[in-house]
Protein chains: 2
Amino acid sequence: MIRLLLVDDEHLIRGAVAALLALEPDIDVVAQVADGPAALSAARALRPDVAVLDLEMPGMDGVSLAEALRAELPDTRVVIVTRHARPGVLRRALSAGVLGFVPKTAQAQSLADVVRQAHAGRRYVDPGLATEALLVGECPLTPRELDVLREARDGAAVSAIARKLNLSAGTVRNYLSSAMSKLDAETRFEAARRAWELGWL
Amino acid sequence: MIRLLLVDDEHLIRGAVAALLALEPDIDVVAQVADGPAALSAARALRPDVAVLDLEMPGMDGVSLAEALRAELPDTRVVIVTRHARPGVLRRALSAGVLGFVPKTAQAQSLADVVRQAHAGRRYVDPGLATEALLVGECPLTPRELDVLREARDGAAVSAIARKLNLSAGTVRNYLSSAMSKLDAETRFEAARRAWELGWL
DNA sequence: CGCCACCGATGACATCTGTCATGGGTGCAC
DNA sequence: GTGCACCCATGACAGATGTCATCGGTGGCG
């Protein structure tokens, strides 16, 4: 019997996925929680065999949670489920020791299979996603360029970004400019969107 | 027995929700489809009692689909499930004749209840969502202002927006400016984000 | 009819943004 | 030690953007 911890902030979806996995005779959903901290404490208390994490969560993102889980409970296998399967995120997840990576567009049946694979210590990554991730090279952006792009994501002005990062406005513009040229973008918003889609933000 | 049509582009989630609803003895999921056109043809063929629609779908949005369903099959009750419950969207959905409106953060159990309410012809809207929608007034933006904001959403330049809408650059700037002042935004991106969050885009 | 809201446009102006050259500082690798 | 990449900053410049005043046209409403 595979003892499973389910983490997803959307209650309805979490319950639905639990119902789906409960149909499998060899899977036992021992706990469902809504956020990272709750997941950590539940994992500590219950020591599940497999943790299934939603990637998109307010507060802590799924990869960070996977890292924290792996650090504290190396025996718990981690499977990540995500809506938008961004290549760079897959890369980070794999190096964080995540065994399974499934987009929400995958067949419903496949989740249980991936859980079993992970439980057996085998890696499973959605094939289409894997090839896409191979086509996208390493991230060419420096840490600071990523910082300014993160702030630029939701339309902040240069002055606002500069204030938040304690930089001069000119420096912010320089970072944005170099990021834009690296990403072949016309505006910083396009650059930020591109970087996000590639999973670099 | 309530005959139900399930529409969601995310296969995994769709299957999970189907599993959840299948647990209810009085609900029968007669079909699951991934997009608007498939939903319409399935509904024509099967004439389900209730259709459960995901709001966020590529191509056709959930409210438009609800309108189309209602126009063609007035007897099919519509329930909408959504991730981000934007007030303005709720307003549009209700005037489109949608009976149930549930955020994905709701209790898993509640979906089946809402389906039963809708089947009985009763309206059910998530209470927190309803009060939020009441607090947000009517949309103060003119159709053209909404147009330019829509185009501005993903970082297009003024000149690009002008080309796409067959307007002069100056006119676009005027619309953006007035929209920004109405929405109390510093940049057009902030304005577009705000308008979207309120469900006006 | 006048009033008013909306549409579309123009011109002028201040500010913001993107680009480039240039500089100094740190730390790592050969 | 000499590159080299990165960090942070400044100054200058062209072009984009936001604001404002103003104009003409359309159509609804009292």
Side-chain angles (χ1 to χ4, degrees), chain A residues 88 91-92 95 136-201, chain B residues 88 91-92 95 136-201:
Chain A
R91 201 180 290 267
R92 273 197 297 145
S95 58
V136 176
E138 210 46 58
C139 172
L141 302 167
T142 70
R144 278 319 229 177
E145 286 165 358
L146 290 174
D147 287 341
V148 294
L149 281 184
R150 237 184 302 276
E151 299 301 326
R153 273 264 292 159
D154 41 31
V158 166
S159 57
I161 301 177
R163 260 195 307 279
K164 196 171 289 186
L165 297 179
N166 290 319
L167 288 175
S168 88
T171 302
V172 171
R173 274 191 290 160
N174 288 339
Y175 285 149
L176 285 173
S177 184
S178 74
M180 285 160 63
S181 84
K182 284 177 183 175
L183 292 169
D184 192 32
E186 295 279 316
T187 68
R188 73 190 113 137
F189 305 102
E190 194 186 335
R193 204 167 41 75
R194 275 253 226 309
W196 185 86
E197 278 168 3
L198 293 167
W200 294 337
L201 252 50
Chain B
R91 202 180 291 267
R92 273 197 297 144
S95 56
V136 177
E138 212 45 58
C139 173
L141 302 168
T142 71
R144 278 319 228 177
E145 285 165 0
L146 290 173
D147 286 342
V148 294
L149 281 183
R150 238 184 302 275
E151 298 301 326
R153 272 264 295 158
D154 43 31
V158 166
S159 57
I161 301 176
R163 260 195 307 279
K164 195 170 289 184
L165 296 179
N166 290 318
L167 288 175
S168 87
T171 302
V172 171
R173 276 191 289 161
N174 288 339
Y175 285 149
L176 285 172
S177 185
S178 75
M180 285 160 62
S181 83
K182 284 178 184 175
L183 292 169
D184 192 31
E186 295 279 317
T187 69
R188 73 188 113 136
F189 305 102
E190 194 187 335
R193 202 168 44 73
R194 275 254 228 307
W196 185 86
E197 278 168 3
L198 293 168
W200 294 337
L201 255 51

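In the text below, chain A, chain B and the rest are named by the order of the sequence lines, each starting its count at 1.
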> Of the nucleotides C/dT10, C/dC7, D/dT10, which has the atom closest to the A/T171 side chain?
Replying inline: D/dT10
> B/V158 and B/A169: which non-hydrogen atoms are nearest, and at how many Å?
Replying inline: CG1-O, 3.6 Å
> Take atom CD in B/E186; do more than 12 heavy atoms of anything else shown fall under 6.0 Å from it?
Replying inline: no
> OP1, OP2 of C/dC6 versus side-chain N and O of B/T142: anything below 4.0 Å?
Replying inline: no
> Phosphate oxygens OP1/OP2 of C/dT19: is one of them under 4.0 Å from a side-chain N or O of A/S177?
Replying inline: yes
> Could you give the CZ-to-C1' distance, from B/F189 to D/dA16, as a whole number of Å?
Replying inline: 11 Å
> Taking the side chain from B/R144 and the backbone from B/Y175, do they hold a donor-acceptor pair closer than 3.5 Å?
Replying inline: no
> Given that B/A169 and A/A185 both sit by DNA chain C, which one's nearest nucleotide is further toward the 5' end?
Replying inline: B/A169
>> In whole Å, I'd like the distance from the CG atom of A/N174 to the P atom of D/dC6.
In response: 15 Å
> Do side-chain atoms of B/R150 reach the backbone of B/L201 as a donor and acceptor pair under 3.5 angstrom?
Replying inline: yes
>> Tell me whether the side-chain N/O atoms of B/S181 come closer than 4.0 Å to OP1 or OP2 in D/dT19.
In response: no
>> From CG of B/L167 over to P of D/dT17, roughly how many Å is that when rounded to an integer?
In response: 15 Å
>> From CG of B/N166 over to P of C/dC7, roughly how many Å is that when rounded to an integer?
In response: 16 Å
> Rounded to whole angstroms, how far apart are CD on A/E186 and P on D/dG15?
Replying inline: 14 Å
> Separation of A/E145 atom CD from D/dC8 atom C1', in whole Å?
Replying inline: 13 Å
>> Does a side-chain N or O of B/R188 approach OP1 or OP2 of D/dG18 to a distance below 4.0 Å, or not?
In response: yes
> From D/dT17, C/dT10, D/dT10, pick the nucleotide closest to the side chain of B/V158?
Replying inline: D/dT17
>> Rounding to an integer number of Å, can you tell me how far A/R163 CZ sits from C/dC16 P?
In response: 11 Å
> Between D/dG18, C/dA9, C/dT19, which one does the side chain of A/M180 approach most closely?
Replying inline: C/dT19
> Taking only side-chain nitrogens and oxygens of B/R173, does any of them come within less than 4.0 Å of OP1 or OP2 of D/dT19?
Replying inline: no
> Just checking B/A157: base, sugar-phosphate only, or nothing, at a heavy-atom cut-off of under 4.0 Å?
Replying inline: sugar-phosphate
> B/Y175 OH to C/dG8 P: how many Å, rounded?
Replying inline: 4 Å
> Any donor and acceptor pair, going by atom type alone, linking the side chain of A/R91 with main-chain N or O of A/E138 inside 3.5 Å?
Replying inline: no
